[in-house]
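Only one structure is covered here, and it is reproduced in the block below.
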2 protein chains.
Amino acid sequence: METKPVFLTAYANAHQVAKATPFAEAENLHSLFAKQPLEQLGAGQSLFFEGDEAKHVFEIVEGTFRLFRILGDGRRVITGFLYAGDIVGISMKDCYLYSVEAIASAKIRRLSRRAFQCAVAESEILSALVFEHLCDEMASAQDQMVLLSCKSAEERLCTFLLRHMNRTKADGAGRFVIEIPMPRQDMADYLGLTIETVSRTITKLIGKGVLTVVDPAARHFIKVDKPAALAQLAGDGDECIDMRRDHAVSGGRRRH
Amino acid sequence: METKPVFLTAYANAHQVAKATPFAEAENLHSLFAKQPLEQLGAGQSLFFEGDEAKHVFEIVEGTFRLFRILGDGRRVITGFLYAGDIVGISMKDCYLYSVEAIASAKIRRLSRRAFQCAVAESEILSALVFEHLCDEMASAQDQMVLLSCKSAEERLCTFLLRHMNRTKADGAGRFVIEIPMPRQDMADYLGLTIETVSRTITKLIGKGVLTVVDPAARHFIKVDKPAALAQLAGDGDECIDMRRDHAVSGGRRRH
DNA sequence: CGCGCGGTTGACGGTTATCAATTAGTGTGG
DNA sequence: CCACACTAATTGATAACCGTCAACCGCGCG
């Protein structure tokens, strides 16, 4: 995550491009949006729908969004969430691959795809950042596939909470209060579970002393009392660097 | 899939780059590899391992490969397969995200990452192709997440077979003989199932008259007797274009 | 107050994982 | 040539996990 953008920049100096657009001196993707008007959205409002022509790129200024697809029979799959600072709409060709909705009220800025492409094409730095962005997206898609492919309900939930924990600062005692801005149904559709299983699994984790719901009225804030236990239960125990090269010897399959 | 590369090309003419490298006139990613020596690999041989420094980009000339990650306790997740003509190693930052192994004997060509980057940075056409490649990878990762998130064993298997069918030509009678080059265990690890469930589900589909195993000795060739039924059972019934915009009204969840 | 919504809890059953045995194909060596 | 071992795949019995259906709780709001 802290790696320098190496790709497409290695030969940046080979390009001597006339920099004429308003974005020419932009050094990161966010600065592209700086002059765009702020747009306010209400809860449940959509940025775009799956299959729509991909006309804009969006920067999330405030709030949380869900990315999802609907199957023929009504099943919904949430493929990701967006938080303040995220950018969406880059990794598209002609059409959006998924729909995006604000979970609660939110603020965004938008750029036409054309303007975005223009700015990126003129800057080696931005090209590299776009490439990096795509790689990050791929990496988290991979992680999600691992989660969905072979983790139990408890492992899925712990992984989910852990990801949120890592976006949060600890308090003095090394404990965390994490905000879960989305409703249970969204968590379920994201983790490939039902709302009931999510609820029950949270209850079980509370029973184990790993979690506390801060305020029964506001269930969107959860305190992590045992971060280490949470990481343990998440299942990807340091990914087992040593055995990757000779997994054949262990030979075992273990559960789905 | 038949869309023109729009991204990073829109302003291609703004760049007047001195094209001096051997790759300067390359018009597609494969031509980059044309002059590289052909390498032969045996069954089970690795191209690289998850976590290795990403030093090369590979073109698959012949054979099939599995992309996978190993979890701490030995569970294996196959995140994808590679077939002749595919390219792997682009969507990486410093390190490979997964390991890649030849399923049977195979042939590849490789390019150093540096050379690849160099060539791509000098050509607008190649840049656009790389971007397109990444978008395709994202799209199939999304599809896989949908599959793993909410499809039953039968739907998963039918989806898998359907994907292979679409890479194959029909015979005169509109039927298909598809080759499944990987063993059952690989299918299982890819579909988030066990080998037993894969086997049982195939048997069930044969019972329904949808499939025939061409030769009990060579189980890697499967005849699709009812392609329409297979598509039906795969579950993503034309993705329900109409209801995407108003899924709220249907209100229903349906099974995981 | 009654209603609706989001969330929790309980009972039950189905799908699929797990454990175990069997078959068939393949290669090896005497 | 056949016995043997070994692997890939299938089949069967059983049980666990989690989905389904249903009831219930607490809260906010008209």
Side-chain angles (χ1 to χ4, degrees), chain A residues 43-44 66 73-77 103-104 147-158 180-189 191-207 211-222 233 235 248 251-256, chain B residues 43-44 66 73-77 103-104 147-158 180-189 191-207 211-222 233 235 248 251-256:
Chain A
R66 55 183 161 245
D73 56 4
R75 284 175 281 185
R76 185 183 69 163
V77 185
I103 289 174
L147 180 147
L148 294 170
S149 191
C150 68
K151 286 191 175 181
S152 69
E154 190 175 77
E155 289 173 317
R156 292 179 197 202
L157 201 65
C158 290
I180 311 291
M182 65 288 296
R184 295 283 188 264
Q185 185 65 60
D186 285 359
M187 295 174 61
D189 289 346
L191 298 174
L193 302 169
T194 58
I195 183 175
E196 294 95 333
T197 302
V198 169
S199 187
R200 265 187 267 269
T201 307
I202 291 177
T203 308
K204 194 182 1 166
L205 289 172
I206 293 171
L211 305 178
T212 317
V213 172
V214 176
D215 172 12
R219 292 184 177 85
H220 292 277
F221 288 90
I222 292 181
L233 293 170
R253 75 168 189 238
R254 257 199 57 186
R255 113 104 108 29
H256 273 94
Chain B
R66 55 182 160 245
D73 55 5
R75 284 175 283 186
R76 185 183 69 163
V77 185
I103 290 174
L147 182 147
L148 294 169
S149 192
C150 68
K151 285 191 177 182
S152 68
E154 191 175 74
E155 289 173 319
R156 292 180 198 201
L157 201 65
C158 289
I180 311 292
M182 65 289 293
R184 297 281 187 267
Q185 185 65 61
D186 285 358
M187 294 173 59
D189 289 347
L191 298 174
L193 302 168
T194 58
I195 182 174
E196 293 95 332
T197 301
V198 169
S199 187
R200 265 187 265 269
T201 308
I202 291 177
T203 308
K204 198 193 337 179
L205 290 172
I206 293 172
L211 305 178
T212 318
V213 173
V214 177
D215 173 14
R219 294 185 175 85
H220 292 279
F221 287 90
I222 292 182
L233 293 170
R253 77 174 186 233
R254 253 199 60 186
R255 110 103 111 30
H256 273 96

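With a 4.5 Å cut-off on side-chain heavy atoms, M182(B) and I180(B) count as touching. Side chains of L191(B) and K151(B) form no contact here, defined as non-hydrogen atoms less than 4.5 Å apart. Side chains of D189(B) and S149(A) form no contact here, defined as non-hydrogen atoms less than 4.5 Å apart.
Between the P atom of dG7(C) and the CG atom of L193(A) lies a distance of 15 Å, rounded to the nearest Å. Atom-to-atom, CG of D73(A) to C1' of dT20(D) comes out at 15 Å; the value is rounded to the nearest Å. Here dT15(C) presents its C1' atom at 17 Å from NZ of K151(B), a figure rounded to the nearest Å. Between the CG atom of L211(A) and the P atom of dT8(C) there is a distance of 12 Å, rounded to whole Å. Between the P atom of dT15(C) and the CD atom of E155(B) lies a distance of 12 Å, rounded to the nearest Å. Following rounding to the nearest Å, K204(A) (NZ) and dC17(D) (P) show an atom-to-atom distance of 8 Å. Atom CG of L191(A) is separated from atom C1' of dC18(D) by 14 Å (rounded to the nearest Å). Distance F221(A) CZ to dG7(C) P: 14 Å, rounded to the nearest Å.
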side-chain contact (heavy atoms from CB on, under 4.5 Å), that's the test. Do D186(A) and R76(A) meet it? Break it down for me. CA-CA 9 Å; D186(A) 285 359; R76(A) 185 183 69 163; 2.7 Å; yes
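No donor-acceptor pair closer than 3.5 Å links the side chain of S199(A) to the backbone N or O of I195(A).
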What's touching nucleotides 9-11 of chain D from the protein side, N or O pairs under 3.5 Å?
{"unit_1": "dA9(D)", "atom_1": "OP2", "unit_2": "R184(B)", "atom_2": "N", "d": "3.0"}
{"unit_1": "dA9(D)", "atom_1": "O3'", "unit_2": "R219(B)", "atom_2": "NE", "d": "3.3"}
{"unit_1": "dT10(D)", "atom_1": "OP1", "unit_2": "R184(B)", "atom_2": "NH2", "d": "3.2"}
{"unit_1": "dT10(D)", "atom_1": "OP2", "unit_2": "R184(B)", "atom_2": "NE", "d": "2.9"}
{"unit_1": "dT10(D)", "atom_1": "OP2", "unit_2": "S199(B)", "atom_2": "OG", "d": "2.7"}
{"unit_1": "dT10(D)", "atom_1": "O5'", "unit_2": "S199(B)", "atom_2": "OG", "d": "2.9"}
{"unit_1": "dT11(D)", "atom_1": "OP2", "unit_2": "T203(B)", "atom_2": "OG1", "d": "2.6"}

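Between R156(B) and the options V198(B), T197(B), L147(B), T201(B), a side-chain contact (heavy atoms from CB on, under 4.5 Å) holds for only L147(B).
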